Number of protein chains: 2
Amino acid sequence: MIKRVTAADVAARAGCTPAAVSLWINGKTAGRISDQVGERIREAVEALGYVPNRTAQQLSTGQSRQLAFVFPDVWYTFFSYILDGITAEIDESWDLALTMPLRHEREQGGGTRAALQRALRGGPAGLIIASPEREMLDLVPPGLPTVVIDADSAPEHCSLARYDFEPGAAAVAAHLSAAGHERVGYIGLDRRADTLLTRRARLGDALEAHDIRFALPDLLLDNIRADMVADRVSDWLTSDVTAVICGDESLAYGAIAASQRLGRSVPGELSLVSFNDLAPASLIEPSLTSVHMPTYEIGRLAGQMLASRVAGGDVRVETVPTELVVRESTGPRAVLR
Amino acid sequence: MIKRVTAADVAARAGCTPAAVSLWINGKTAGRISDQVGERIREAVEALGYVPNRTAQQLSTGQSRQLAFVFPDVWYTFFSYILDGITAEIDESWDLALTMPLRHEREQGGGTRAALQRALRGGPAGLIIASPEREMLDLVPPGLPTVVIDADSAPEHCSLARYDFEPGAAAVAAHLSAAGHERVGYIGLDRRADTLLTRRARLGDALEAHDIRFALPDLLLDNIRADMVADRVSDWLTSDVTAVICGDESLAYGAIAASQRLGRSVPGELSLVSFNDLAPASLIEPSLTSVHMPTYEIGRLAGQMLASRVAGGDVRVETVPTELVVRESTGPRAVLR
DNA sequence: ATGAAAGCGCTAACAA
DNA sequence: TTGTTAGCGCTTTCAT
């Protein structure tokens with residue numbers, strides 16, 4: 001760490017004690033610091049460019065001004081939306097420490113537990129965990145204000161902001177059914193995250209209610225890079241299905257590419273639906289029919305919940321609905337050769 | 001912060017002093033701690049679940065295990081690539097604290113200075129700053145190991161990893177010239193970042209060498225959201241130009257949408273080129289002709305440079321070339337009505 | 001209204 | 001080889 005100006009330096013210049021500087025800095029000046037001394041301190045702080053040492057403050061008070069945000073993968077724009085929501089709700093007195101699996105941790109699968117552990121050792125005052133995996137949440141110290149985003153459930157002592165996938169999934173099923181589809185396939189992410197498993201489960205229920213069945217075993221991928229997805233999809237996709245549902249938007253881009261490479265046009269010869277619906281969904285060609293998840297909103301919600309929690313408020317659980325946005329990537333069931 | 005087990009607790013149980021615990025924890029046991037005491041400490045640490053308090057360590061040693069990464073905007077996937085590169089080069093003993101402008105800071109323009117200040121008060125051992133603005137770098141304390149990414153220049157005491165835009169820009173000019181374009185327009189981002197200004201400057205030089213001129217005043221935007229970009233482009237684009245160059249890929253998506261909305265097909269009636277070339281460039285329709293910037297590689301480079309700098313190595317400056325990737329969004333000059 | 005002093009949990013220099 | 005002591009920079013309680 002770099003040698004910096006300390007409260008003692010300021011005190012020396014202002015002709016008072018470090019304690020007075022502390023009081024003044026923290027605005028606890030009422031009935032404690034006279035105006036003259038206050039003014040001298042102000043001048044000295046200004047002149048010396050004094051900035052309190054957070055580490056010392058933290059050690060002294062036992063309170064950190066750091067909020068930690070743990071998320072599984074840098075590659076999902078999804079987390080940009082959440083982050084944007086969170087930062088809209090917290091003020092500049094907080095430090096936001098983002099923690100994600102390191103590259104080698106990700107390569108050997110997951111790494112989110114390790115990421116959480118690293119986040120914890122920074123001694124945060126509050127914690128936000130996005131799209132956690134099953135085995136992670138038991139690491140969260142009870143007593144640490146925590147909000148979990150995008151999971152079915154969380155420990156008692158954690159606030160929770162989650163999606164209700166039921167309406168979105170029901171709409172997908174109704175939409176595909178109306179278009180005559182009866183045999184579909186599912187492409188998912190190979191991670192044990194609540195949110196992913198639930199999307200699949202709600203979808204399964206909804207499709208069953210419409211007598212639509214999965215005609216291929218699910219394709220589970222561990223990577224969302226479009227080119228890698230495209231390769232795997234090419235080997236998997238057969239003429240057994242007339243529609244494919246992707247558990248996440250990121251997978252759909254590769255699926256579209258693969259489908260076209262195989263000579264099956266979208267939506268002419270294959271319909272494609274996804275979950276997530278971020279900005280690119282409406283930009284690609286064909287634009288993507290997708291279950292919209294209000295992600296910026298859930299980020300704001302999480303930010304609010306954490307702020308209130310850290311301030312001593314109660315644990316809250318909020319659920320926001322999803323809905324289907326129909327675009328160009330779905331159409332009537334193809335007549336198969 | 002949660003009440004935790006301290007070294008004193010461990011010492012009490014092991015029948016030694018806190019100092020011995022510290023030595024043992026830090027592996028400085030040679031000739032200092034006997035095997036018997038060491039074993040008792042090990043047992044006590046184990047039984048009590050002792051984890052050293054980072055804050056106290058940091059205050060005591062003056063050394064933090066935190067690396068700070070400052071970047072201007074969550075919305076650029078660009079930074080995901082960099083982050084991916086950085087995390088490939090650092091090990092788990094480091095905490096990586098990401099800092100970006102808060103939402104309200106961004107709204108009133110920039111906020112990157114504020115973000116840097118927030119990063120600094122965490123007392124990082126090293127610093128990476130991506131795509132800085134002109135007035136930021138003077139805030140960096142000399143003596144703090146720092147690497148600047150994606151800027152023309154940096155203070156003496158900072159390492160620098162930058163792009164050479166000259167080859168990319170030259171290729172753009174040659175490509176457009178060969179296709180017969182003579183009048184073009186430029187869409188940029190309204191931020192005083194070196195990288196953006198330099199892209200524009202190198203492009204200007206290169207086009208001039210090919211007698212291609214800017215037939216419209218540059219359109220400078222403060223937002224990269226495709227829908228907002230599209231609106232502004234619609235008002236700006238005229239038949240004076242047959243090709244448009246975007247300073248960043250993110251702008252091109254909106255530009256394509258706007259162009260098509262105005263009834264000018266791409267590339268039939270308008271050619272489009274961008275800088276940056278991230279994954280979506282090859283996925284959208286038409287795929288984007290773009291100046292490729294090796295961003296993951298520059299992230300790794302930065303990670304290496306910082307690691308070596310923190311370990312006492314020298315300041316380094318590295319420059320990586322850019323190159324044009326020709327795809328579908330450019331074609332022969334349109335015959336204008 | 002002000003100053004002195006203790007202590008947060010750890011490390012490092014010192015003495016024993 | 002071990003134990004003691006003095007800080008790191010700040011906050012806070014207690015005298016003055």
Side-chain angles (χ1 to χ4, degrees), chain A residues 1-42 44-45 48-66 93 95 120-123 125, chain B residues 1-42 44-45 48-66 120-125 141:
Chain A
M1 220 159 27
I2 310 305
K3 171 61 188 166
R4 293 198 307 190
V5 179
T6 75
D9 300 330
V10 175
R13 178 172 177 128
C16 64
T17 63
V21 176
S22 170
L23 259 1
W24 187 85
I25 280 284
N26 293 305
K28 302 183 178 177
T29 173
R32 312 280 283 108
I33 307 288
S34 70
D35 286 354
Q36 305 104 68
V37 175
E39 175 52 26
R40 293 210 307 276
I41 293 177
R42 199 205 52 70
V45 166
L48 267 30
Y50 171 66
V51 180
N53 180 322
R54 281 251 149 164
T55 306
Q57 286 183 317
Q58 181 168 335
L59 182 59
S60 178
T61 58
Q63 309 231 293
S64 97
R65 294 297 290 176
Q66 189 192 76
S93 71
D95 288 335
L120 251 21
R121 72 185 178 195
Chain B
M1 220 159 29
I2 311 304
K3 170 61 188 168
R4 293 197 308 192
V5 179
T6 76
D9 300 330
V10 175
R13 177 172 177 129
C16 65
T17 64
V21 176
S22 169
L23 290 173
W24 187 86
I25 280 282
N26 293 305
K28 302 183 178 176
T29 172
R32 312 281 283 106
I33 307 286
S34 71
D35 284 355
Q36 304 104 66
V37 176
E39 174 51 26
R40 293 208 310 275
I41 294 177
R42 197 204 54 68
V45 165
L48 268 30
Y50 171 65
V51 180
N53 180 321
R54 280 235 159 184
T55 307
Q57 287 183 317
Q58 181 168 334
L59 182 61
S60 179
T61 60
Q63 309 232 292
S64 92
R65 293 298 290 175
Q66 188 191 78
L120 251 22
R121 72 185 177 193

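These numbers come from a predicted model, not from an experiment. Order of the sequence lines fixes the chain letters, A, B, ..., with proteins taken first and strands second; residue numbering starts at 1 for each chain.
Atoms CG (Asn53(B)) and C1' (dG7(C)) sit 14 Å apart, rounded to a whole Å. Going from atom CZ of Arg54(A) over to atom C1' of dC10(D) covers 13 Å, rounded to whole Å. Taking atom CZ of residue Arg65(A) and atom C1' of nucleotide dG9(D), one finds them 18 Å apart after rounding to whole Å. Between the CD1 atom of Ile33(B) and the P atom of dT11(C) there is a distance of 12 Å, given to the nearest Å. Between Gln58(A) atom CD and dC10(D) atom P there is a gap of 14 Å when expressed in whole angstrom units. Rounded to whole Å, the distance from CG on Leu59(B) to P on dA6(D) is 18 Å. The distance from atom CD of Gln63(B) to atom P of dG7(D) is 20 Å, rounded to the nearest whole Å.
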Using atom names, set out every protein N or O paired with an N or O of nucleotides 11-15 of chain D below 3.5 Å, distance rounded to 0.1 Å.
{"unit_1": "dT11(D)", "atom_1": "OP1", "unit_2": "Asn26(A)", "atom_2": "ND2", "d": "3.1"}
{"unit_1": "dT11(D)", "atom_1": "OP1", "unit_2": "Gln57(A)", "atom_2": "NE2", "d": "3.0"}
{"unit_1": "dT11(D)", "atom_1": "OP2", "unit_2": "Ser22(A)", "atom_2": "OG", "d": "2.6"}
{"unit_1": "dT11(D)", "atom_1": "O5'", "unit_2": "Ser22(A)", "atom_2": "OG", "d": "3.2"}
{"unit_1": "dT11(D)", "atom_1": "O4'", "unit_2": "Ser60(A)", "atom_2": "OG", "d": "2.8"}
{"unit_1": "dT12(D)", "atom_1": "OP2", "unit_2": "Lys28(A)", "atom_2": "NZ", "d": "2.9"}

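When atom types are taken as modelled, the side chain of Asn53(A) and the backbone of Thr55(A) share a donor-acceptor pair closer than 3.5 angstrom. Under a 3.5 Å cut-off, the side chain of Thr29(A) and the backbone N or O of Trp24(A) do not form any donor-acceptor pair.
For Thr55(B) and dG9(C), the shortest distance from a side-chain N or O to OP1 or OP2 is not below 4.0 Å.
Residues satisfying the salt bridge (charged side-chain N to carboxylate O under 4.0 Å, His left out) test with Arg54(A), not counting sequence neighbours, are Asp95(A). Partners of Arg65(A) according to the side-chain hydrogen bond (donor to acceptor under 3.5 Å, both in side chains) rule, which considers only residues two or more places apart in sequence or in another chain, are Ser93(A). Among residues two or more places apart in sequence or in another chain, the side chain to side chain contact (heavy atoms under 4.5 Å, CB included) test is passed with Ser60(A) by none.
For residues 14-23 of chain B, no residue pair satisfies the salt bridge (charged side-chain N to carboxylate O under 4.0 Å, His left out) rule, not counting sequence neighbours.
One end of the helix from dA1(C)-dT16(D) to dA16(C)-dT1(D) points its axis 50° away from the other end's axis, with each axis taken from 5 pairs and the angle rounded to 10°.
Between the SG atom in Cys16(B) and the CD atom in Gln36(B) there is a gap of 12.5 Å [rounded to 0.5 Å]. Rounding to the nearest 0.5 Å gives a distance of 6.0 Å between CG of Asp9(A) and CG of Leu48(A).
Shown here for Gln57(B) and Pro52(B), the closest heavy-atom pair between the two residues is NE2-CB, 3.5 Å.
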